[in-house]
There are 2 protein chains.
Amino acid sequence: MNINTIGIIGAGNLGTRIGLQAAISGYQVNVYDIHEKSLNRSQSSMKKLVDHLTRSKQIVEEEGIQALGRIFFSQNLKETLQNVDLISESVTEDPDIKTKVWKEIGENAPMHTIFTTNTSYLLPSQFAQVSGRPEKFCAFHFHDVFYSRVVDIMPHAGTSTEIIGILEDLGRKLNQVPILIKKENSGYIFNTLLIAWIDAAGRLLTGEIAEVEAIDKSWMVNFGMSAGPFGILDNVGLDTAWHITTARRNPASRAFAALLKTYVDEGKLGTKSGEGFYTYPNPRYKHEDFLK
Amino acid sequence: MNINTIGIIGAGNLGTRIGLQAAISGYQVNVYDIHEKSLNRSQSSMKKLVDHLTRSKQIVEEEGIQALGRIFFSQNLKETLQNVDLISESVTEDPDIKTKVWKEIGENAPMHTIFTTNTSYLLPSQFAQVSGRPEKFCAFHFHDVFYSRVVDIMPHAGTSTEIIGILEDLGRKLNQVPILIKKENSGYIFNTLLIAWIDAAGRLLTGEIAEVEAIDKSWMVNFGMSAGPFGILDNVGLDTAWHITTARRNPASRAFAALLKTYVDEGKLGTKSGEGFYTYPNPRYKHEDFLK
C-alpha cells in the first residue's frame with residue numbers, strides 16, 4: 001500500500017511537528033483542528049521550526065519551502081479526510097473527545113485509510129471499535145519528532161499485522177526509529193524505563209541519601225550521558241513530572257511528588273522557567289568541571 | 001593530613017585496580033592478601049593493566065614502570081600496615097571475614113590511619129566498632145577504577161566530617177569523581193538507579209511487552225547512550241545480574257531472575273562468555289544500522 005497523503009487531526013504541539021516532518025519527508029499533509037486559532041498557531045510554529053531546522057543544517061532552505069507548500073490547513077473534517085491514506089490523531093487526551101473524533105473519522109474517511117492515534121496515556125483498544133475499523137487501528141506514538149526520534153508502534157489485539165509493517169516503514173521514512181510494542185500496555189517502553197529511573201532518583205533525594213548533583217554525577221560519569229535524572233527532569237518540566245508522579249501510589253513516589261509540588265508552587269518548572277533543580281541558561285551539570 | 005602510603009587489603013580484581021591507580025597517582029602502595037596465589041595473580045594483572053593503559057594512551061610507558069615500582073606485595077598483615085596512612089579493604093563480601101580482618105587491622109595499624117571499606121553490599125557501620133576507630137571508618141567504594149570512574153563516599157553515623165573531606169580529595173587524586181552519600185544506605189547511588197532501570201526493562205521483557213532490541217533502542221535513541229539496559233546487562237555479566245535480581249522480592253523481579261537463570265544455566269553470561277542477550281564480539285546494538 002502506498003501512502004501519499006497524511007491527515008493530522010489536532011494541530012497542537014505534536015500534531016504540528018508530526019505534520020511538518022511528514023511534509024519534509026515528501027508527503028502531502030492535511031492538518032485539521034476544530035479551532036482556527038490552533039491552526040494559525042500551528043502554521044506559524046511550522047515556519048519557526050523550518051527556520052530552526054535550516055539554521056541547524058538538518059534541512060536546506062529549499063526543502064523547508066517545499067515542505068510548507070505541501071501542507072494544507074482546514075477546520076472542516078470532511079475536507080481534511082478526502083484522499084488521506086493515513087491519519088495521525090493528536091487531539092486532547094480526553095477519552096470522550098477522542099471517542100467522538102474517532103467516530104466522526106470512521107464515518108468520513110476513505111475505506112483504505114489507516115488509523116493511528118498519538119495518545120500518550122490511553123490505549124488504542126479504547127477507540128478501535130468506535131472507529132469502525134479496528135483492524136486498521138494502531139497507536140503510533142511520537143516523542144518530539146526532531147530531537148527524540150522514537151516512534152512507538154503499539155497495536156491492540158485486533159490490529160492486522162499488515163498495518164504494523166506499514167507503520168514500521170512509515171516511521172523510518174519520517175526519520176524516526178520505530179519501536180515495536182508487542183501488545184497493548186499502559187505506557188510505552190521508553191517512558192516505562194524513564195519513570196522507573198526517575199522514581200529511584202526521587203527516592204534517593206527525598207530519603208536524604210544524596211544531593212541532586214551527586215545523583216546526576218554518578219550516572220553521567222559511569223554511562224557518559226550528558227545529563228542525569230534531575231537534569232532530564234528540568235527538561236521534561238517539573239509540572240509535567242509532578243502530574244505523572246502524583247498519579248503513582250507508593251509512598252516514595254508520593255514523597256517525591258510532594259517535593260516536586262513545592263518547586264511548581266514557586267514557579268520553578270525547570271528549563272522553561274529558568275529554574276528547577278538547576279538554574280538556566282547555564283546549569284551546573286553542563287559546566288566543564290562538573291564531573292570532577 | 002598527608003596521605004603517602006595506601007594499604008590495600010585483599011588483592012582481588014578491585015583491590016588490584018585500586019592499588020594500581022593509587023601507584024599511578026604517585027602513592028606508595030602496600031598490597032596484602034592471605035593467599036600467595038592471589039598476590040601473584042594481582043601482580044601479573046597489574047602488568048597487563050599497565051600495558052593496556054599505555055596502549056590506550058591513558059599513561060606513558062615510564063609512568064607505568066614507576067607505578068609498578070611503588071607497589072609492595074605481602075602476605076604479612078603487620079608488615080603491610082607499617083606506615084600506611086589509609087587502608088582500602090576489598091576482602092570477600094562475607095560479614096564474618098570482614099569483621100575478623102577489621103579487628104586485626106584495628107589492632108595493628110598506626111593510630112592516624114584512615115580506614116575505608118570497598119564493600120558493595122554491606123554497610124560501614126557493621127565494621128566501624130570492631131575496627132576500634134569508628135570516627136576514622138568510612139565506605140569508599142570504587143566501580144572499576146579505570147572506566148567507570150566513580151568513587152562513592154558513604155559515612156556511617158559516627159564517621160568524622162574531616163575524614164569525608166580527605167576522601168573527597170583523595171578520590172579526585174585517584175582520577176575518580178567522588179560521590180557523597182549523606183547517610184548510610186543499603187546500595188550506592190548509581191547502583192540504585194541502575195537496578196530500578198534494569199528492573200523496568202526486565203518487566204517489559206518478561207511481560208512480553210517488547211523484545212530486547214526494541215527496549216534498548218528506545219533508550220539509546222532518546223538519550224544518545226551507546227547501550228541500552230540489555231547491552232549493559234551483558235557487560236555486567238548475567239550471573240552477577242542474576243545474583244542481584246534473585247534477592248529481590250517482587251513478582252516482576254522474580255520473573256526476570258528466572259529468565260536470567262535460563263541464560264546462566266546455558267552458559268550465556270554476556271560479553272565474557274561470548275553470548276548473553278546479544279552475541280559477541282560484534283553485538284547487534286553496536287551495528288551502524290541498529291538505530292534505524
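Letters A, B, ... mirror the listed sequences (proteins, then strands); counts begin at 1. Predicted model only: the values in this text are computed from it and were never measured. What you see below is based on every heavy atom in this structure, not just the backbone, and it leaves out hydrogens, waters and symmetry mates.
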With a 6.0 Å cut-off (strictly less than), is the heavy-atom count around CD of B:E162, excluding the residue itself, greater than 12? no
Grab the two heavy atoms, one from B:K217 and one from A:I179, that are nearest each other, plus how far apart they are. CB-CD1, 3.4 Å
Which atoms form the tightest heavy-atom contact between A:I189 and B:A214, and what is the distance? CD1-CB, 4.3 Å
For A:M225 against B:M225, the heavy-atom pair lying closest together: SD-SD, 3.4 Å
Return the option, out of A:V150, A:N191, A:T192, A:I209, with the maximum number of heavy-atom pairs under 4.5 Å with chain B. A:I209
Please identify, among A:D199, A:I195, A:I232, the residue contributing the most non-hydrogen atom pairs under 4.5 Å to chain B. A:I232
A:K183 side chain to B:G207 main-chain N or O, any donor-acceptor pair under 3.5 Å? yes
Among B:G187, B:S218, B:S226, which has the most heavy-atom pairs under 4.5 Å with chain A? B:S218
A:L194 and B:W197: CA distance, side-chain angles, deciding distance, side chain to side chain contact (heavy atoms under 4.5 Å, CB included) verdict: CA-CA 8 Å; A:L194 183 69; B:W197 184 65; over 6 Å; no
When B:Q176, B:E213, B:E211 are compared by non-hydrogen pairs under 4.5 Å with chain A, the top option: B:E211
Taking every heavy atom of B:P229 against every heavy atom of A:L193, the minimum-distance pair comes out as CG-CD1, 4.1 Å
Options B:L291, B:L204, B:D144, ranked by heavy-atom pairs under 4.5 Å with chain A, top entry: B:L204
Compare every heavy atom of B:E208 with every heavy atom of A:K182, then report the nearest pair and how far apart it is. CE-O, 3.5 Å
Minimum heavy-atom distance A:K292-B:V177, with the two atoms named: O-CG1, 4.1 Å
Over 60° means perpendicular and under 30° means parallel, so classify the ring planes of B:F190 and A:W219, tilted if in between. tilted
At a 4.5 Å cut-off on heavy atoms, which part of B:R149 comes close to chain A: side chain, backbone, both, or neither? both
Would you call A:N222 and B:H143 a side-chain contact if the rule is heavy atoms closer than 4.5 Å? yes
